[in-house]
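Reviewing the structure listed below.
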Amino acid sequence: YTSLEQTVEERTRDLARSMRALEERGRELSIANEHKSQFFANMSHELRTPLNAVLGYAELLADGLYGELPPKAVEVLERVQANGRHLLGLINDVLDLSKIEAGQLVLACDTYALRAVIEQVVASTESLARAKGLALTAEIADDLPLGHGDERRLTQVFLNIVGNAIKFTEQGAVVIRAGAVDGTFVVTVQDTGPGIAPEDRARVFEEFHQVDNSTTRQKGGTGLGLAIARRLVALHGGDIRLSSELGAGSIFTVVLPVHAAAPATAGSGQEAD
Ligand code: ADP
């Protein structure tokens with residue numbers, strides 16, 4: 001018995017030691033992770049300031065503040081602006097993702113009208129759709145209750161999903177439908193694009209994942225949009241689902257509590273940006 005007790009005692013001590021070592025390692029890792037997120041957040045912030053200056057100066061030129069530019073210069077300036085905006089989008093995405101990962105993204109929740117959010121998304125994407133000859137329509141239920149959540153972030157979510165639908169669809173239509181069932185908003189975005197293969201359906205929500213075909217790569221993008229969208233919806237206590245048929249199109253469904261579950265107070269204090 002004594003030797004058995006001794007063994008048990010020793011094992012218990014070993015186990016306790018291992019537990020302490022693990023806890024220590026866990027603490028180190030979470031500190032390192034926090035540093036990483038903080039680094040990305042600082043970097044993004046530092047990159048944004050000069051880039052905003054570049055875009056600002058380019059706009060002064062484009063507005064003709066210093067006289068009319070020769071046609072070739074206008075063309076070059078447009079490229080400067082397009083690339084600058086693209087880079088800004090990238091930086092903002094990395095900033096958002098690192099904030100979310102560090103638990104520092106604070107939702108600014110308030111009352112919002114889902115109809116207004118969707119109408120704004122349609123207004124800012126319809127020229128893109130028109131340029132591709134796509135029909136973009138929204139069918140919004142008349143009796144939607146007012147929601148409670150972060151209107152700017154939700155607009156970002158729907159802009160991403162509708163933007164993707166337009167970006168990846170070559171002909172046909174993009175239809176947004178919004179309704180409310182049992183305290184939940186259900187918004188679907190349906191397209192007649194190429195569809196997403198079963199093996200890619202979960203992965204498109206992962207960071208940097210883009211379906212590996214030439215068209216996707218040609219369209220540019222970062223592969224961060226849906227990862228951010230899903231996390232923003234999750235912060236509201238909701239979820240994004242995807243159903244799709246190759247060659248027929250995709251339907252992204254956002255299921256969102258009318259009243260955001262928690263007034264997300266993750267992280268410390270206010271958002272820096
Ligand atoms: P990005 O659009 O910047 O590449 P996202 O995270 O928004 O990144 O999307 C990830 C990938 O999911 C896209 O690159 C594309 O391959 C695929 N995808 C997203 N939306 C659609 C869609 N409506 N139809 C087909 N493929 C899509």
_Non-hydrogen side-chain atoms of Phe252 and Asn164 separated by less than 4.5 Å_ = no

*Is there a side-chain contact (heavy atoms from CB on, under 4.5 Å) between Thr253 and Asp239 once you walk through the steps?*
CA-CA 8 Å; Thr253 304; Asp239 194 15; over 6 Å; no

*Establish whether Phe39 and Leu47 are linked, either directly or via other cluster members, by ILVMFWY side-chain heavy-atom contacts under 4.5 Å.*
yes

*List the steps, then state whether side-chain contact (heavy atoms from CB on, under 4.5 Å) holds for Leu256 with Val157.*
CA-CA 12 Å; Leu256 191 70; Val157 167; over 6 Å; no

_Flag, side chain of Lys99 to backbone of Val106, donor-acceptor distance under 3.5 Å_ = no

_Closest approach of Ala129 to Leu136 (non-hydrogen atoms, all atoms of both residues)_ = CB-CB, 3.9 Å

*Exam field: side chain Asp191 to backbone Val174, donor-acceptor pair closer than 3.5 Å*: no

*Can you find a pair of side-chain heavy atoms, one from Lys132 and one from Ile166, that are under 4.5 Å apart?*
yes

*N/O donor-acceptor pair under 3.5 Å between Ser98 side chain and Lys36 backbone*: no

*Is a side-chain N or O of Arg201 found less than 3.5 angstrom from the main chain of Ser244, in a donor-acceptor match?*
yes

*Would you mind reporting whether Arg153 and Leu235 have side-chain heavy atoms less than 4.5 Å apart?*
no

*Side-chain donor or acceptor of His236 paired with backbone N/O of Pro257 under 3.5 Å*: no

*asked:* When you group the ILVMFWY residues by side-chain heavy-atom contacts below 4.5 Å and let the links chain together, are Leu51 and Met43 in the same group?
replied: yes

*Tell me, do Val74 and Glu68 make a side-chain contact under 4.5 Å, heavy atoms counted?*
no

*For Ala138 and Val122, which heavy atoms make the closest approach, and how far apart are they?*
CB-CG2, 4.1 Å

*Might you point out which heavy atoms bring Ser250 and Leu242 nearest each other, and give the distance in Å?*
CB-CD1, 4.1 Å

*Does a salt bridge link Arg203 with Glu199, judged by any charged N lying under 4.0 Å from a carboxylate O?*
no

*Does atom CD of Glu245 have more than 12 heavy-atom neighbours, drawn from other residues, nucleotides or ligands, at distances under 6.0 Å?*
no

*Parallel, tilted or perpendicular: which describes the rings of His148 and His259, with under 30° parallel and over 60° perpendicular?*
parallel

*Should Gln156 and Asn160 count as side-chain neighbours, where that means a heavy-atom distance under 4.5 Å?*
no

Which side-chain N or O atoms in residues 7-19 pair as donor and acceptor under 3.5 Å with protein atoms at least two apart or in another chain?
unit_1	atom_1	unit_2	atom_2	d
Thr7	OG1	Ser3	O	2.6
Thr12	OG1	Val8	O	2.6
Asp14	OD1	Arg17	NH2	2.7
Ser18	OG	Asp14	O	2.9

_Quick one, Arg231 and Asp96 - any side-chain contact, counting heavy atoms below 4.5 Å?_
no

*Flag the pair Val117 / Gln120 as yes when at least one side-chain heavy-atom distance between them is below 4.5 Å, and no otherwise.*
no

_Matching residue for Phe158 among Ile176, Val121, Thr125 - test: side chain to side chain contact (heavy atoms under 4.5 Å, CB included)_ = Val121

*Which heavy atom in Ile140 sits nearest to a heavy atom in Arg115, and how many Å separate them?*
O-NH2, 3.2 Å

_Atom pair CG/CG of Leu224 and Leu95 - distance to nearest 0.5 Å_ = 11.5 Å

_I'd like to check Leu232 versus Ile100 (side-chain heavy atoms, cut-off strictly below 4.5 Å). Are they in contact?_
yes

*Contact summary for Ile118 and Ala178, nearest pair of heavy atoms*: CD1-CB, 3.5 Å

*Establish whether Phe168 and Val175 are linked, either directly or via other cluster members, by ILVMFWY side-chain heavy-atom contacts under 4.5 Å.*
no

*Report whether Val181 and Phe185 are members of the same hydrophobic cluster (ILVMFWY, side-chain heavy atoms less than 4.5 Å apart, transitive linking).*
no

_Pair Arg20 + Glu23: basic N to acidic O under 4.0 Å_ = no

*asked:* Ile91 and side chain to side chain contact (heavy atoms under 4.5 Å, CB included): which single residue from Val94, Asp93, Leu87 fits?
replied: Leu87

_Checking the side chain of Arg48 only, and the main-chain atoms of Asn92 only, is there a donor and an acceptor separated by less than 3.5 Å?_
no

_To check you understand the geometry: which heavy-atom pair defines the closest contact between Ser124 and Leu159, and what is its length?_
OG-CD2, 3.8 Å

*Ile251 and Leu134: same hydrophobic cluster, using ILVMFWY side-chain contacts below 4.5 Å?*
no

